[in-house]
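Okay, structure first, notes after.
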Amino acid sequence: MYKKLKNKIIINNTKDFCPTHIFECGQFFRYKKSKNVFEILSKNYQAKIIEQNDSIEIKSDNVDYFEEFFDLNTNYQLIKKSLNKDAILKPAIEFGYGIRILKQDLFEMIISFIISANNNIKRIQNSIEYICKTYGTKCNEFYAFPTSSQLVKADETSFKLAGTGYRARYLVDTISKINSNEFDLQYLNTLPTNEARKYLITLSGVGPKVADCILLFGMHRLDVFPVDTWIEQSYKSYFSNDNISRNSISKLLCEKYKELAGYAQQYLFYYQRSFIKKGTKDEKTK
DNA sequence: AGCCAGGCCCATT
DNA sequence: AATGGGCATGGC
């Protein structure tokens, strides 16, 4: 459980909330870590997450936003208990026990995950930070994520300066569609997951995987299973099936994990990526 | 130095 | 519907 005060939230149950797991499992890009403090930015809000001995403090002027952002009223014990029955997920959950799926801003997720395609996380973070500093509203010590009307002023050259490479023209096209309301975010929110997925894919730079990330992180639709290179590697290492497509993997695992698919995917992604980072690919046994 | 990254677009089949 | 080549550019 947690305690909500005027300018901070105190979390005592640290086995369902680990800042490192939450921010480094690939769902979130705007954070900086120093010692035991994460400084995080979402939309036009800021918070500092402070790890103490047996508790965690979320300091912010907008505690209501971050209470929702961290999805503090969802019981992760139940989710993990259910997913732990799966032999493949068990070690992944043990490793990333403190992961939570954040409730992030939809427009911010669309832009961020268009940038993410065939890219690495460091470079994605740098591009997003540049875009915020160049086009976002300055709020004291930080820059907000720009709105669509702020970003519509950026052209292809500007996005290349941000380091987004060939995705620059996708961004220009998609931002224009959203800002003109030719693509309707409100309507998107009313659609069931499969319909919303199809609609998202009509956006330039949005394919099946990016759409799934937008659904999962920007719309909190948990019945999706984004398959990227890491998940593909993971799947093939377990099932040694080299000729299966990413779409088929996604379909299969959605059917397997159903309404918990999004959670399952995050545990697996974080687990798989941890091996490569340490260069201990072969440590994983079966 | 050279391969790879939270894949997508587009042309073929 | 499924497959494959091309793609910008920084990280490691």
Side-chain angles (χ1 to χ4, degrees), chain A residues 21-31 92 96 99 101-102 104 108-131 154-175 177 183 194 197-219 221-222 224-237 241-254 261-281:
Chain A
H21 297 173
I22 293 170
F23 302 132
E24 297 188 352
C25 70
Q27 63 178 321
F28 185 65
F29 302 108
R30 296 170 67 202
Y31 68 90
I99 286 175
I101 306 259
L102 299 173
Q104 302 187 66
E108 185 171 338
M109 291 301 95
I110 293 173
I111 302 308
S112 298
F113 279 94
I114 288 175
I115 294 170
S116 81
N118 195 27
N119 206 342
N120 62 68
I121 291 182
K122 269 279 156 51
R123 191 154 75 109
I124 299 165
Q125 290 177 326
N126 290 338
S127 291
I128 292 173
E129 187 178 1
Y130 178 96
I131 288 169
D155 61 9
E156 196 172 325
T157 309
S158 319
F159 283 122
K160 285 200 170 169
L161 281 176
T164 63
Y166 64 88
R167 308 162 195 83
R169 70 181 170 89
Y170 305 153
L171 291 168
V172 171
D173 190 27
T174 286
I175 289 160
K177 274 189 189 164
F183 186 92
N194 268 331
R197 192 170 191 263
K198 283 182 203 160
Y199 188 40
L200 276 168
I201 287 173
T202 66
L203 286 172
S204 175
V206 178
K209 188 271 172 183
V210 169
D212 284 341
C213 285
I214 295 167
L215 287 162
L216 183 53
F217 307 129
M219 298 169 66
R221 302 294 180 93
L222 298 155
V224 298
F225 201 106
V227 177
D228 67 347
T229 170
W230 301 103
I231 293 290
E232 184 181 2
Q233 282 175 29
S234 175
Y235 184 90
K236 289 180 176 174
S237 77
N241 179 356
D242 285 339
N243 287 327
I244 187 168
S245 70
R246 290 189 181 185
N247 272 324
S248 304
I249 295 175
S250 181
K251 246 181 228 169
L252 223 61
L253 297 182
C254 273
Y263 297 109
Q265 194 273 357
Q266 280 306 99
Y267 292 118
L268 272 185
F269 175 88
Y270 185 59
Y271 188 51
Q272 177 69 17
R273 218 167 147 262
S274 72
F275 293 108
I276 316 299
K277 266 169 59 174
K278 295 187 185 107
T280 55
K281 224 189 258 193

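In the text below, chain A, chain B and the rest are named by the order of the sequence lines, each starting its count at 1.
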Looking only at heavy atoms, which two atoms of [X] and [Y] are closest? And how far apart?
| X | Y | result |
| --- | --- | --- |
| A:H21 | A:G96 | ND1-C, 3.5 Å |
| A:Q125 | A:Y31 | NE2-CE2, 3.4 Å |
| A:I244 | A:N241 | CG2-O, 3.4 Å |

Atom [atom1] of [X] to atom [atom2] of [N]: distance rounded to whole Å?
| X | N | atom1 | atom2 | answer |
| --- | --- | --- | --- | --- |
| A:E232 | B:dC4 | CD | P | 13 Å |
| A:E129 | C:dG10 | CD | P | 16 Å |
| A:D212 | B:dG7 | CG | P | 13 Å |
| A:L171 | B:dG7 | CG | P | 15 Å |
| A:L200 | B:dG7 | CG | P | 17 Å |
| A:I201 | B:dC8 | CD1 | P | 8 Å |
| A:R246 | C:dA2 | CZ | P | 16 Å |
| A:R197 | B:dG7 | CZ | C1' | 13 Å |

*A:N119 side chain to A:S116 side chain, donor-acceptor N/O pair below 3.5 angstrom*: no
*How many angstroms lie between OG in A:S248 and OH in A:Y235, if you round to the nearest 0.5 Å?*
8.5 Å
*Nearest 0.5 Å, what's the CZ-CD1 distance between A:R30 and A:I124?*
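Output value for this atom pair is 14.5 Å.
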_Using a 4.0 Å cut-off on heavy atoms, which residues in residues 114-126 of chain A reach DNA chain C? List them by number, or say none._
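Close to the strand are A:N118, A:N120, A:K122, A:R123, A:N126.
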Across the strands shown, which category fits [X] at heavy-atom distances under 4.0 angstrom: base, sugar-phosphate, nothing?
| X | result |
| --- | --- |
| A:F159 | nothing |
| A:L268 | nothing |
| A:V227 | nothing |
| A:G26 | base |

*In the structure shown, which nucleotide is the Watson-Crick or G-U wobble counterpart of C:dA1, with both distances under 3.5 Å?*
B:dT13
*asked:* Strictly by Watson-Crick or wobble contacts shorter than 3.5 Å, is anything paired with C:dA8, and which nucleotide is it?
replied: none
*asked:* OP1 or OP2 of B:dA5 versus the side-chain N and O atoms of A:Q272: is any pair under 4.0 Å?
replied: no
*May I ask you to verify if any side-chain N or O of A:R167 is less than 4.0 angstrom from the OP1 or OP2 atom of B:dC8?*
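A:R167 to B:dC8 OP1/OP2: no side-chain N or O under 4.0 Å.
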*Taking A:R246 for the side chain and A:E232 for the main chain, is one N or O donor matched with an acceptor at less than 3.5 Å?*
no
*Tell whether A:Y170 reaches the base of B:dG7 with its side chain through a donor-acceptor pair below 3.5 angstrom.*
no
*Given that A:S204 and A:P226 both sit by DNA chain B, which one's nearest nucleotide is further toward the 5' end?*
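Checking each residue's closest nucleotide, the 5'-ward one belongs to A:P226.
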_Nearest-angstrom distance, C1' atom, B:dC9 to C:dG10_ = 22 Å
_Of the options C:dA8, B:dC8, B:dA5, whose atoms approach the side-chain atoms of A:Q233 most closely?_
B:dA5
*Are A:D242 and A:K236 ion-paired here, with the side-chain N under 4.0 Å from a carboxylate O?*
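Not counted as a salt bridge, because no side-chain N and carboxylate O are separated by less than 4.0 Å.
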